[in-house]
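Here is the structure we will look at, set down as structure tokens.
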Number of protein chains: 2
Amino acid sequence: MLSDTNGSQPKGFMSHDHSGCVSAALAAADKACADRKVQFTAVRRRTLEILLEAHAALGAYDVLARLDADGFGAKPPVAYRALSFLVDQGFVHRIERLNAFVACAHPDTVHNPAFMICRACGTVAEAQASDGGLGPSAETSGFQIEQTVIEAEGLCPLCQDGTT
Amino acid sequence: MLSDTNGSQPKGFMSHDHSGCVSAALAAADKACADRKVQFTAVRRRTLEILLEAHAALGAYDVLARLDADGFGAKPPVAYRALSFLVDQGFVHRIERLNAFVACAHPDTVHNPAFMICRACGTVAEAQASDGGLGPSAETSGFQIEQTVIEAEGLCPLCQDGTT
DNA sequence: CCAATCCTGTTATGATATAACATATCACGG
DNA sequence: CCGTGATATGTTATATCATAACAGGATTGG
Ligand SMILES: [Zn+2]
Ligand SMILES: [Zn+2]
Ligand SMILES: [Zn+2]
Ligand SMILES: [Zn+2]
């Protein structure tokens with residue numbers, strides 16, 4: 001299971017004051033949804049808020065538990081649907097390696113996200129990415145890349161002491 | 001579910017005659033296990049053979065069904081353990097995006113695999129990869145990369161007609 | 001041969017995810 | 001406004017993926 005108790009990890013791996021950060025992201029999402037004429041409903045908004053507050057990757061069932069606690073539905077589709085919406089809109093990314101979801105660190109720009117996942121503390125940092133060096137292989141073989149998952153696992157700066 | 005019926009996809013996206021390819025890989029694995037003094041037992045060998053024959057990514061339960069048919073155990077740990085062994089030894093790679101496993105295309109060399117996954121036909125091709133362009137971000141933040149998952153999704157050359 | 005280690009197979013359970021359906025809400029033209 | 005179609009919510013049930021824990025069997029190295 002993904003930790004449900006370490007909700008205040010540093011952003012990236014640098015500590016940061018975190019203030020305003022949640023509300024700014026919510027406001028940006030509000031605006032983006034208005035622009036795109038999609039409904040930013042209460043569950044969806046709260047789901048994004050949960051991920052922003054956690055500032056970490058959460059499993060769908062972790063999110064679900066919180067939605068349930070807030071009086072939204074308690075069954076898996078409630079969480080999965082809200083998460084799908086947020087992923088589709090680019091406000092949240094799915095971390096394949098962890099079967100988890102994390103709020104986007106810069107939802108205002110078009111980007112190709114990549115992630116660094118600390119295997120010791122579970123912190124996930126979002127970075128900009130290239131195509132993973134697949135360009136040449138793709139050209140040679142004629143494969144048409146639409147999306148690339150890039151997830152690095154290793155040790156974050158804080159976990160490089162003591163841990164093997 | 002992962003297709004259990006398209007076992008003879010082209011290698012990479014180029015058709016190839018496939019002959020000798022299974023037995024050569026098995027022989028290489030035999031040798032590597034001997035060198036490393038690890039046991040290349042019947043289930044493990046057969047599991048690798050199944051993936052080599054399929055020449056495609058198979059889910060653990062697909063593999064399990066075949067092992068069962070061959071008289072090996074029928075319960076999940078049988079497949080998961082054999083697959084873990086093969087992944088640890090580098091003969092097989094796990095495709096996170098598909099929750100599936102694929103035989104390594106060049107198990108003789110040390111390499112950093114990347115994959116191209118066709119969203120239409122499910123074919124998976126292995127390519128060489130860089131670090132996904134994470135080098136700079138990792139250096140800046142002090143993250144120590146140990147392993148990188150790179151999985152591109154898109155359309156293979158054969159599926160670029162007709163399909164949207 | 002014995003004992004330590006490793007491997008196999010089982011039972012049982014946990015964790016992740018979706019299909020299908022009924023109800024409720026929203027968007028929008030009339 | 002109000003009706004109507006499109007969207008969204010919540011439920012039940014089930015599918016899919018994965019591991020813990022234990023008992024028994026094979027391998028290995030003395
Ligand atoms: Zn992002
Ligand atoms: Zn860490
Ligand atoms: Zn490989
Ligand atoms: Zn294809």
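Naming: A, B, ... by sequence-line order, numbering from 1 per chain.
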Nearest whole angstrom, please: distance from the P of C/dT16 to the CG of A/Asp62. 8 Å

Atom CG of A/Leu83 and atom P of C/dT16: how far apart are they, to the nearest Å? 13 Å

Any side-chain N or O of A/Arg81 under 4.0 Å from OP1/OP2 of D/dT11? no

Among D/dG10, D/dA8, C/dA17, which nucleotide has an atom closest to any side-chain atom of A/Val78? D/dG10

Name all pairs fulfilling the side-chain hydrogen bond (donor to acceptor under 3.5 Å, both in side chains) condition that reach into residues 71-90 of chain A, sequence neighbours left out, sorted by first residue then second. A/Arg36-A/Gln89

Pairs flagged by salt bridge (charged side-chain N to carboxylate O under 4.0 Å, His left out) wherever residues 105-118 of chain B is involved - sequence neighbours left out: none

The nucleotide from D/dA8, D/dG10, C/dT10 with an atom nearest the side chain of A/Arg44 is D/dA8

Measure from NZ or CZ of A/Arg45 to the centre of the six-membered ring of A/Phe40, then state whether that distance is under 6.0 Å and the direction lies within 45° of the axis. no

Main-chain N/O of B/Leu155 paired with B/Arg119 side-chain donor or acceptor, under 3.5 Å: no

Mapping B/Gly71 and A/Gln39 onto DNA chain C by nearest heavy atom, which one lands closer to the 5' end? B/Gly71

Please compare B/Pro76 and B/Thr41 by the position of their nearest nucleotide in DNA chain C and report the one closer to 5'. B/Thr41

Touch class at under 4.0 angstrom, heavy-atom based, for A/Arg46 against every strand present: nothing

Options D/dA20, D/dT11, C/dT16, nucleotide nearest the side-chain atoms of A/Asn99: C/dT16

Is there a donor on the side chain of B/Tyr80 or the base of D/dA20 sitting less than 3.5 Å from an acceptor on the other? no

The nucleotide from D/dC17, C/dT8, C/dA19 with an atom nearest the side chain of B/Arg94 is D/dC17

What about B/Tyr61, does its side chain sit under 3.5 Å from the base of D/dA15 through a donor-acceptor pair? no

Rounded to whole Å, CG of A/Asp70 lies from P of D/dG10 at a distance of 12 Å

Can you check the B/Arg36 CZ to D/dT28 C1' distance for me, whole Å? 20 Å

Taking C-beta and beyond as the side chain, do A/Glu151 and A/Val149 meet within less than 4.5 Å on heavy atoms? yes

Among C/dT10, C/dA19, D/dT9, the one nearest any side-chain atom of A/Pro77 is C/dA19

What integer distance in Å separates A/Leu67:CG from D/dT11:P? 12 Å

Send over the distance from A/Leu58 CG to C/dT16 C1', rounded to a whole Å. 15 Å

In whole angstrom, give the distance that lies between atom NZ of A/Lys37 and atom P of D/dA6. 19 Å

Looking across every strand, which nucleic acid part, if any, lies under 4.0 Å from A/Phe85 by heavy atom: base, sugar-phosphate, or nothing? nothing

Show the numbers, then the answer: is there a ring pair (Phe, Tyr, Trp, His ring centres under 6.0 Å) between A/His93 and A/Phe101? CA-CA 6 Å; A/His93 301 297; A/Phe101 300 84; over 10 Å; no

Provide, to the nearest angstrom, the distance between the CG atom belonging to B/Leu64 and the P atom belonging to C/dT8. 14 Å

Starting at the 5' end of DNA chain D, which residue's closest nucleotide do you reach first, A/Ala82 or B/Lys75? A/Ala82

